[in-house]
*Asks:* 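The structure's right below; bear with me while I get my questions together.
Below, chains carry the letters A, B, ... as their sequence lines are ordered, and counting in each starts from 1. Treat the numbers as computed from the prediction; the structure is a model and nothing was measured.
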Number of protein chains: 2
Amino acid sequence: MSDLTLSSGLEDYLECIYNNIEHNGSVKAIELSRELNVSRASVTDALHRLAEKKYINYERYGSIEITSKGIEKATEVIGKHTILTKFFEKVLKLSNEEASENACSIEHVITQNAFKKLKDFTQQYAGKND
Amino acid sequence: MSDLTLSSGLEDYLECIYNNIEHNGSVKAIELSRELNVSRASVTDALHRLAEKKYINYERYGSIEITSKGIEKATEVIGKHTILTKFFEKVLKLSNEEASENACSIEHVITQNAFKKLKDFTQQYAGKND
DNA sequence: TATAATTGTTAGTTTTGTCTAACAATTATT
DNA sequence: AATAATTGTTAGACAAAACTAACAATTATA
């Protein structure tokens, strides 16, 4: 019985897959390799693990397709990323780069509830200070 | 040449070692095993890795002593933990338990600069709203 | 359409961190 | 002091993620 949850690492792959498909209609392994700074071999491994957990459909030499389960997870993580970045940028006044860097690590570990509160707080705050 | 940086996992061991020594004057492996919910064997491994990186002094069947380097790192992480908990509790109004849970994961990944800004923000905010 | 370049896969290795089970050392109890 | 209980270590497995090097498939180009 395989574990169905995603590690931070696999969430990053999924996020990247989703974003590329959104913007370009498709993704290739070489592109994930470039954007995530990992070897092509590591991408192949990750694609197999994601497929095993049903977040994507993938067969050797085939195209990478994201499943509805994958879309759900990806949008969830990306939503967190967006709000966290906004919080660090608008509330704490960090550069976009550092805001995004922090968002990128925290998005994988923050609890649902904490995120919800942070989201409300950030939106309140941004409303008042814009 | 061994890597001198600490993973999240090893930081947790070090934090636990430091806190126990502070409160009780010493720690035993069994206590770390209990508090961190890992086997005694895993603790032995972790102690060797921490000793190799010079964060603690340790020899088989010997007592666990934290080095000055270890104290520096532990207090840094604990400092982050404290402020992050305060932020989640006082600013976002989470329960102490959930505040601490989030602090526990974020303390290992937040950048120095982001932490500094968050600290200032939290102290400002707490000052105004107490 | 051959050939060359690019992309993807496989096999084998490494590191980190975990586990269990068996054994050794230490500490407590009778 | 001898025995029992607790604590610590070792050995051997396993899983997740990464790597390189060699090879296979695909795509582009001469």
Side-chain angles (χ1 to χ4, degrees), chain A residues 1-17 20-21 24-66 70 73 77 104-105 107-109, chain B residues 1-17 20-21 24-66 70 73 77 104-105 107-109:
Chain A
M1 183 86 55
S2 76
D3 182 8
L4 301 166
T5 65
L6 284 191
S7 62
S8 301
L10 286 189
E11 281 187 4
D12 284 333
Y13 280 101
L14 188 63
E15 214 175 331
C16 200
I17 288 166
N20 270 276
I21 291 178
N24 318 316
S26 65
V27 224
K28 298 215 291 175
I30 188 81
E31 185 57 27
L32 300 175
S33 168
R34 270 192 288 263
E35 292 186 26
L36 299 170
N37 293 304
V38 292
S39 69
R40 299 195 308 277
S42 298
V43 175
T44 301
D45 285 354
L47 293 177
H48 287 327
R49 292 197 304 274
L50 282 172
E52 205 176 300
K53 291 163 194 279
K54 312 286 186 199
Y55 289 91
I56 64 171
N57 290 133
Y58 189 66
E59 283 172 29
R60 55 202 290 275
Y61 295 106
S63 64
I64 299 166
E65 283 159 20
I66 193 162
K73 169 62 83 177
V77 176
C104 213
S105 4
E107 70 194 17
H108 303 295
V109 298
Chain B
M1 183 85 58
S2 76
D3 182 5
L4 302 167
T5 63
L6 285 191
S7 62
S8 302
L10 285 189
E11 281 186 4
D12 284 333
Y13 280 101
L14 189 62
E15 213 175 331
C16 199
I17 288 166
N20 271 276
I21 290 177
N24 318 317
S26 65
V27 224
K28 299 214 291 176
I30 188 83
E31 185 57 27
L32 301 175
S33 167
R34 269 191 288 264
E35 291 186 26
L36 299 170
N37 293 305
V38 292
S39 70
R40 299 194 311 273
S42 298
V43 175
T44 301
D45 285 354
L47 293 176
H48 289 328
R49 291 197 306 273
L50 282 172
E52 206 177 296
K53 291 163 192 278
K54 311 287 186 200
Y55 289 90
I56 64 172
N57 290 134
Y58 190 65
E59 284 171 28
R60 57 203 287 277
Y61 295 106
S63 64
I64 299 165
E65 283 158 19
I66 192 161
K73 170 61 83 177
V77 176
C104 212
S105 7
E107 69 194 17
H108 304 296
V109 299

*Asks:* Taking CD1 from A:Ile30 and P from C:dG8, how many angstroms apart are they, rounded to a whole number?
*Replies:*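 After rounding, the gap between these two atoms is 6 Å.
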
*Asks:* Measure from CD on B:Glu52 to P on C:dT16 and round the result to the nearest Å.
*Replies:* 8 Å

*Asks:* Could you tell me how far apart B:Glu11 (CD) and C:dG17 (C1') are, to the nearest whole angstrom?
*Replies:* 15 Å

*Asks:* In whole Å, what is the span from the CD atom of A:Glu59 to the P atom of D:dT26?
*Replies:*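 Spelled out: CD on A:Glu59 to P on D:dT26 is 13 Å.
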
*Asks:* Are OP1 or OP2 of D:dA18 and a side-chain N or O of A:Tyr13 less than 4.0 angstrom apart?
*Replies:*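 It does, given that an N or O in the side chain of A:Tyr13 lies less than 4.0 Å from OP1 or OP2 of D:dA18.
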
*Asks:* Map A:Lys28 and A:Leu6 onto DNA chain D by nearest heavy atom, then report which one ends up closer to the 5' terminus.
*Replies:*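 Final value for this comparison: A:Leu6.
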
*Asks:* Looking at A:Glu31 and A:Arg34, is there a salt bridge between them, counting it only when a charged N and a carboxylate O are closer than 4.0 Å?
*Replies:*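 Looking at A:Glu31 together with A:Arg34, the answer is yes, because their closest N to O distance falls below 4.0 Å.
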
*Asks:* OP1 or OP2 of C:dG8 versus the side-chain N and O atoms of A:Thr44: is any pair under 4.0 Å?
*Replies:* no

*Asks:* So, does B:Ser39 get its side chain near the phosphate of C:dC19, meaning an N or O under 4.0 Å from OP1 or OP2?
*Replies:*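 Result: yes.
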
*Asks:* Looking at A:Tyr58, does any N or O in its side chain come under 4.0 Å of the phosphate oxygens OP1/OP2 on C:dT9?
*Replies:*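 Yes.
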
*Asks:* Between C1' on D:dT27 and CD on A:Glu31, what's the gap in Å once rounded to a whole number?
*Replies:*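 Rounding to the nearest Å, CD of A:Glu31 and C1' of D:dT27 are 17 Å apart.
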
*Asks:* B:Tyr61 has a side chain; which of C:dC19, C:dA25, C:dT10 sits nearest to it?
*Replies:* C:dA25

*Asks:* What verdict does the side-chain contact (heavy atoms from CB on, under 4.5 Å) test give for A:Ser105 and A:His108, after you've listed the backbone C-alpha separation in whole Å, the side-chain angles of each residue and the deciding distance to 0.1 Å?
*Replies:* CA-CA 6 Å; A:Ser105 4; A:His108 303 295; 5.6 Å; no

*Asks:* May I ask you to evaluate whether A:Arg49 reaches the phosphate of D:dA17, defined as a side-chain N or O under 4.0 Å from OP1 or OP2?
*Replies:*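 Yes, because at least one side-chain N or O of A:Arg49 sits under 4.0 Å from OP1 or OP2 of D:dA17.
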
*Asks:* Give B:Ala29 one of three labels, base, sugar-phosphate or nothing, depending on what nucleic acid heavy atoms sit under 4.0 Å from its own.
*Replies:* sugar-phosphate

*Asks:* Rounded to the Å, how far apart are A:Arg34 CZ and C:dT6 C1'?
*Replies:*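 Distance check: A:Arg34 CZ to C:dT6 C1' gives 10 Å.
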
*Asks:* What does B:Val38 touch in the nucleic acid at a heavy-atom separation under 4.0 angstrom: a base, only the sugar-phosphate, or nothing?
*Replies:*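 Counting heavy atoms under 4.0 Å across all strands, the contact made by B:Val38 is with sugar-phosphate only.
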
*Asks:* Given atom CG of A:Leu32 and atom C1' of D:dA18, what is their separation to the nearest angstrom?
*Replies:*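 Atom CG in A:Leu32 sits about 16 Å away from atom C1' in D:dA18.
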
*Asks:* Heavy atoms only: give me the nearest B:Leu50-B:Leu14 pair and the separation to one decimal.
*Replies:* CD1-N, 4.3 Å

*Asks:* Ignoring backbone atoms, establish whether B:Ser42 has a side-chain N or O less than 4.0 Å from OP1 or OP2 of C:dC19.
*Replies:* yes

*Asks:* State whether A:Arg40 places a side-chain N or O below 4.0 Å from either non-bridging phosphate oxygen (OP1 or OP2) of D:dC19.
*Replies:* no

*Asks:* Look at the side chain of A:Ser26 and the backbone N and O of A:Ile21, then say whether any donor-acceptor pair between them is shorter than 3.5 Å.
*Replies:*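 Checking the backbone N and O of A:Ile21 against the side chain of A:Ser26, no donor-acceptor pair under 3.5 Å is found.
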
*Asks:* Given atom NE2 of A:His108 and atom P of D:dA17, what is their separation to the nearest angstrom?
*Replies:*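 Between P of D:dA17 and NE2 of A:His108: 12 Å.
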
*Asks:* Between A:Gly9 and B:His48, which has a closest nucleotide on DNA chain D that is more 5'?
*Replies:* B:His48

*Asks:* Using a strict cut-off of less than 4.0 Å between a Lys/Arg side-chain nitrogen and an Asp/Glu carboxylate oxygen, indicate whether A:Glu52 and A:Arg49 qualify as a salt bridge.
*Replies:*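 Salt bridge: no.
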
